Amino acid sequence: MKCVFVTVGTTSFDDLIACVSAPDSLQKIESLGYSRLILQIGRGTVVPEPFSTESFTLDVYRYKDSLKEDIQKADLVISHAGAGSCLETLEKGKPLVVVINEKLMNNHQLELAKQLHKEGHLFYCTCSTSLTH
């Protein structure tokens, strides 16, 4: 059972959660062979409704003491560009897509993501470009 884990850390990133839980995104994720999507939504106001069908499960939670277990279980991690989330995922050797939060004023996240991408560790995008790539 292949699993995608999405994390926003302790912040909120409603654009990312809304984008990844949209019906066309769920369809795309399922068509790529994944049968489970776990959303860690932090302080977000977008709270998708968890559901389970024969072929697909969506789990949603705000916080856990540690994300280690979910990262470990995941076949793909989609994360905000928080240094902790990125490094923890890369340490576990998991494929990582970083989504930059364009609404953050000083975009240090973009610098980190660009650097890690240049070193061949991850792919990155923004919510406005994610569906076109």
Side-chain angles (χ1 to χ4, degrees):
M1 180 156 100
K2 285 174 72 178
C3 175
V4 179
F5 175 54
V6 179
T7 176
V8 303
T10 54
T11 61
S12 67
F13 192 173
D14 287 342
D15 288 353
L16 173 56
I17 298 301
C19 183
V20 82
S21 63
D24 53 346
S25 297
L26 293 177
Q27 237 173 347
K28 182 79 168 164
I29 290 167
E30 194 173 349
S31 75
L32 292 169
Y34 296 95
S35 53
R36 188 161 183 220
L37 174 62
I38 303 171
L39 303 178
Q40 184 267 315
I41 62 169
R43 290 199 307 261
T45 54
V46 173
V47 185
E49 195 62 43
F51 70 87
S52 197
T53 65
E54 268 179 39
S55 58
F56 198 82
T57 301
L58 173 67
D59 290 317
V60 181
Y61 67 89
R62 287 195 180 277
Y63 301 107
K64 281 185 185 171
D65 289 342
S66 168
L67 302 179
K68 273 188 177 39
E69 194 185 320
D70 286 321
I71 291 171
Q72 192 66 54
K73 274 193 292 203
D75 297 285
L76 170 67
V77 177
I78 300 173
S79 175
H80 73 130
S85 301
C86 290
L87 298 174
E88 199 172 339
T89 302
L90 294 172
E91 276 171 11
K92 296 262 183 301
K94 299 292 179 167
L96 174 61
V97 175
V98 167
V99 183
I100 309 295
N101 189 343
E102 296 169 289
K103 292 183 178 151
L104 293 181
M105 286 313 281
N106 69 346
N107 216 335
H108 60 277
Q109 290 194 350
L110 183 57
E111 295 312 306
L112 175 70
K114 276 184 171 165
Q115 185 57 40
L116 291 171
H117 173 72
K118 207 163 67 181
E119 293 169 14
H121 296 299
L122 53 78
F123 292 101
Y124 70 92
C125 60
T126 61
C127 283
S128 50
T129 60
S130 60
L131 292 176
T132 56
H133 287 85

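From a predicted model like this one, the values you see are computed outputs, not experimental measurements. Positions are given from 1 along the sequence.
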Rounded to the nearest 0.5 Å, what separates atom OG in S79 from atom CG in L96?
6.0 Å

Please identify which of these residues, V4, L122, V6, L76, meets the side-chain contact (heavy atoms from CB on, under 4.5 Å) condition with V97.
L76

Heavy atoms, side chains only, cut-off 4.5 Å: are D59 and L37 in contact?
no

With a 4.0 Å cut-off, would you call K92 and E88 a salt bridge?
no

If you compare all heavy atoms of F13 against all heavy atoms of I100, which two are closest, and at what distance to 0.1 Å?
CZ-O, 3.6 Å

OH (Y63) with more than 12 external heavy atoms under 6.0 Å:
yes

Straight-line distance of D24 CG to C19 SG, nearest 0.5 Å:
8.0 Å

Would you say the side-chain atoms of S21 pair up with the backbone N or O of I17, donor to acceptor, closer than 3.5 Å?
yes

Note: V46 and I41 closest approach over all heavy atoms is O-CD1, 3.9 Å

Any sub-3.5 Å donor-acceptor pair from R43's side-chain atoms to T11's backbone N or O?
no

Is it true that L39 and F51 fall in one hydrophobic cluster, defined by side-chain heavy atoms closer than 4.5 Å?
yes

One should read off an interatomic distance between Q72 CD and S66 OG, to the nearest 0.5 angstrom, of 10.5 Å

Which atom pair, heavy atoms only, marks the closest approach of V20 to S25?
O-CB, 3.4 Å

Would you call the rings of H117 and F123 parallel, tilted or perpendicular if under 30° counts as parallel and over 60° as perpendicular?
tilted

For the residue pair H80 / S85, report whether a side-chain donor-acceptor contact shorter than 3.5 Å exists.
yes

If you round to the nearest 0.5 Å, how far is CZ of F5 from CG of D70?
4.5 Å

With no hydrogens and no angle check, do the side chains of E30 and S55 hold a donor and an acceptor under 3.5 Å apart?
yes

Side-chain (D14) to main-chain (G44) donor-acceptor, under 3.5 angstrom
no

Could you tell me whether K68 atom NZ has more than 12 heavy atoms of other residues or ligands within 6.0 Å of it?
no

Common cluster, L87/I71, ILVMFWY with side-chain heavy-atom separation under 4.5 Å:
no

Check the side chains of E111 and Q115 for a donor-acceptor pair under 3.5 angstrom, ignoring hydrogens and angles.
no

I'd like to check V99 versus C127 (side-chain heavy atoms, cut-off strictly below 4.5 Å). Are they in contact?
yes

Heavy atoms, side chains only, cut-off 4.5 Å: are R36 and I38 in contact?
yes

Compare every heavy atom of V98 with every heavy atom of C86, then report the nearest pair and how far apart it is.
SG-CG2, 3.7 Å

What closest approach, in Å, do A81 and L112 show between heavy atoms, and which atom pair accounts for it?
O-CD2, 3.5 Å

Heavy-atom donor-acceptor pair, Q40 side chain to Y61 backbone, under 3.5 Å:
no

Heavy-atom count check: over 12 atoms from other residues, nucleotides or ligands less than 6.0 Å from K73 NZ?
yes

Which distance, rounded to the nearest 0.5 Å, do you find between the NE2 of H121 and the OG1 of T89?
13.0 Å

Rounded to the nearest 0.5 Å, the CD atom of E54 sits from the OG atom of S35 at a distance of 12.5 Å

